[in-house]
Amino acid sequence: MYRSIVGFIVLLFGVCANAQEVELPSDFRQHNLTQYNSSLFNPTFSFDRNLPRSVSLWSRWQWQSIDGNPTSILLNYTQQLNERSSGGIGFFQNNTGVLVNSGGILNYAYVLTLSEQANLIVGANTFLFQQKLADESLVTGPMVPPLGVDETDFIAEFTPSARLQVQHFNLAIALENALGFNLSNSDRENSETIFSAMASNDFPLYLFGEESYLRPMAYVRTIPDADTQFGVNALLANPSFWVQGGYNSFYGISGGAGVTILQKLSVGALVEFGLDDGVSNEDPTFELVASYQFGKQSFEEKMEEQHVVPKTEELIETMESTKALEDKQMEQQRLAQIRQDSINTAREAKLAIEKEQARLDSISKVANKRETRRRLAEKRKRENVEEAERLLRIRQDSIARIQRIKEDQLAKRRQDSITNAKTAALVAKQKQARLDSLERVALQQDEVQVQSGEKYQEVVTEDGLEPGFYLIANVFGTKRYLDNFMKTLRAKGLRPQSFLRSLNNYNYVYLERYNTIEAARAARDSKFNGKYSDALWIFRVRGQ
């Protein structure tokens, strides 16, 4: 269950000077998350209800006491990974007044198509966080840590979920904290599982000339060592605004609203009033939400672009096919010419025979007709056989010559195609090498105007480092401190790197290398896109 995530909120706050007497259930109090950051309610909601490709912030102040009031903060980024899956990464912090839990959350959801109108969506949330004791200044008397909580623990927890979607109707379940591990001592976390189920339906509407929808939802949550929670809520969403209201059997009634500016930035607030006897005397609970949408994602264009440029092998095959067709046409023309030559030769032979026959007839009139005809017949037969054999040899020689010519031309064209393809690849490689050389020269010649108050160092070369602008996070002279710092950055999802300067024998830890000072300053001023909150400065290697 989320007992480890929220720091065992069920611990009685009577040990604090101004603590609450009400015992909170061991959940994350995410029952009002219906649109932004709703993947905390059910991991499958990141696919279609988190408004994929957005960054959202949710903060909740429970009962608004001056000291020790339970608070929750979740900053989460979500986007579609492809047409069938989505993912997200976020940071959360929970302060119960006794425990502080800080860490990250990873989300993944995948869609399985069952039919044209039905989908099965599966997903999971993985929590990685540090749990430690909060400030002891408000504790009266000796403070005893909660059972099983050391001074600082590192916890990992896993929440699987599944959702059946049939047109606009949805039925979902989730097992919060199905698996838990204490990474500090490599033990299985002795935590309990919260089962939650929900059902909802989207009703499309048309408000103020824009497509909208109304989404009523009912849910139930079984929480160990606490009463089962039942709840209902409804969300009316429009591209320009949203309104929601709900009821929870423990926390009471809630209502909230928000606006969306330029279809990009959404801000809103919610207030909740307790109705149960145990919480009806408590102050109201407030929630604030904000979200920035980056726009819809398209995956069809990428698939089309993959087929725009044909491969070199395909070009060669196309060229060879064209040449083979041309060779076939040439061969047919040559065979037709041979046949025509054979016909002409046969005609000439026939005319010659007819002339010879006429001459023999004239001779036969003068000589013995029978003997003359016999001799002429033998001669004609002999000549006809010899002529037929000659024509056959001519035809066979012509066919063999054409075949050799065809094979030689085909081999030459194939070799020419391969040579042209290799030449084109070599030219492209040489062109890219010239561009890389020009880029390095431009980087070395670029002069940097140091800004006021800016920490900046520049060297010509440094032990073979690639020229560029390095975003420095810290400098260490001791390897043990360096290793601990690198481990801490990796635990936050960063990919730090380091190099050793021979000048001072110090290890420099950097988050990224940039080709321009503008890119390095932008990363430094944005705190590395909000991923690193401590000081950063720039170290430049100019290059020779």
Open item on the list: Under 3.5 Å, is there a donor on one side chain and an acceptor on the other for Arg49 and Thr44?
Closed with: no

Task: Ser39 and Asn107 side chains, donor-acceptor separation under 3.5 Å - done: no

Open item on the list: Determine whether a donor-acceptor pair (N or O, by modelled atom type, separation under 3.5 Å) exists between the side chain of Asn170 and the backbone of Gln165.
Closed with: no

- [ ] Could you pull out all residues at least two apart from Glu512 that satisfy salt bridge (Lys or Arg N to Asp or Glu O under 4.0 Å)?
- [x] none

TODO: Identify, with sequence neighbours excluded, every residue that meets salt bridge (Lys or Arg N to Asp or Glu O under 4.0 Å) alongside Lys422.
DONE: none

- [ ] Taking side chain to side chain donor-acceptor pair (under 3.5 Å) as the test, write out the residues that go with Ser498, two or more places apart.
- [x] none

- [ ] Flag the pair Glu387 and Arg390 as a salt bridge only when some basic side-chain nitrogen lies within less than 4.0 angstrom of an acidic carboxylate oxygen.
- [x] yes

Open item on the list: Can a donor-acceptor pair be found, under 3.5 Å and without considering hydrogens, that links the side chain of Thr372 to the backbone of Lys369?
Closed with: no

Open item on the list: With ring pair (Phe, Tyr, Trp, His ring centres under 6.0 Å) as the rule and sequence neighbours excluded, what pairs involving residues 336-370 come up?
Closed with: none

TODO: Kindly say whether the aromatic ring centers of Tyr213 and Phe203 come within a distance under 6.0 Å.
DONE: no

- [ ] Would you please test Val111 and Glu83 for side chain to side chain contact (heavy atoms under 4.5 Å, CB included) and show each step?
- [x] CA-CA 9 Å; Val111 178; Glu83 292 179 333; over 6 Å; no

Run the side-chain donor-acceptor check on residues 392-408: report pairs under 3.5 Å with partners two or more places apart or on a different chain.
{"from": "Ser398", "atom 1": "OG", "to": "Ile394", "atom 2": "O", "distance (Å)": "2.9"}
{"from": "Gln403", "atom 1": "NE2", "to": "Glu407", "atom 2": "OE2", "distance (Å)": "3.3"}

Task: Set of ring-ring contact (aromatic ring centres under 6.0 Å, His included) partners for Phe499, sequence neighbours left out - done: Tyr470, Tyr508, Tyr510, Phe539

Task: Lys479: partners by salt bridge (Lys or Arg N to Asp or Glu O under 4.0 Å), with sequence neighbours left out - done: Asp483

TODO: Please name all residues satisfying side chain to side chain donor-acceptor pair (under 3.5 Å) with Glu454, sequence neighbours left out, ordered by chain then number.
DONE: Arg521, Arg524

Open item on the list: List the residues meeting ring-ring contact (aromatic ring centres under 6.0 Å, His included) with Phe485, not counting sequence neighbours, and say none if there are none.
Closed with: Phe476

Open item on the list: Test of understanding: with side chain to side chain donor-acceptor pair (under 3.5 Å), list the residues that count as partners of Arg339, not counting sequence neighbours.
Closed with: none

Would you tabulate the side-chain donor-acceptor contacts of residues 373-385 under 3.5 Å, counting partners in other chains and residues two or more places apart, or write 'none'?
{"from": "Arg374", "atom 1": "NE", "to": "Glu371", "atom 2": "OE1", "distance (Å)": "3.4"}
{"from": "Arg374", "atom 1": "NH1", "to": "Glu378", "atom 2": "OE2", "distance (Å)": "3.3"}
{"from": "Arg374", "atom 1": "NH2", "to": "Glu371", "atom 2": "OE1", "distance (Å)": "3.3"}
{"from": "Arg374", "atom 1": "NH2", "to": "Glu371", "atom 2": "OE2", "distance (Å)": "2.1"}
{"from": "Arg375", "atom 1": "NH1", "to": "Glu371", "atom 2": "OE2", "distance (Å)": "3.3"}
{"from": "Arg380", "atom 1": "NH1", "to": "Gln357", "atom 2": "OE1", "distance (Å)": "3.0"}
{"from": "Asn384", "atom 1": "ND2", "to": "Arg380", "atom 2": "O", "distance (Å)": "3.2"}

Task: Spacing of Tyr292 atom OH and Tyr77 atom OH [to the nearest 0.5 Å] - done: 11.5 Å

Open item on the list: Could you check whether atom NZ of Lys264 has more than 12 heavy atoms from other residues, nucleotides or ligands sitting under 6.0 Å from it?
Closed with: yes

Open item on the list: Test of understanding: with side chain to side chain donor-acceptor pair (under 3.5 Å), list the residues that count as partners of Gln329, not counting sequence neighbours.
Closed with: none

Task: SB check Glu331 Lys328 (cutoff 4.0 Å) - done: no

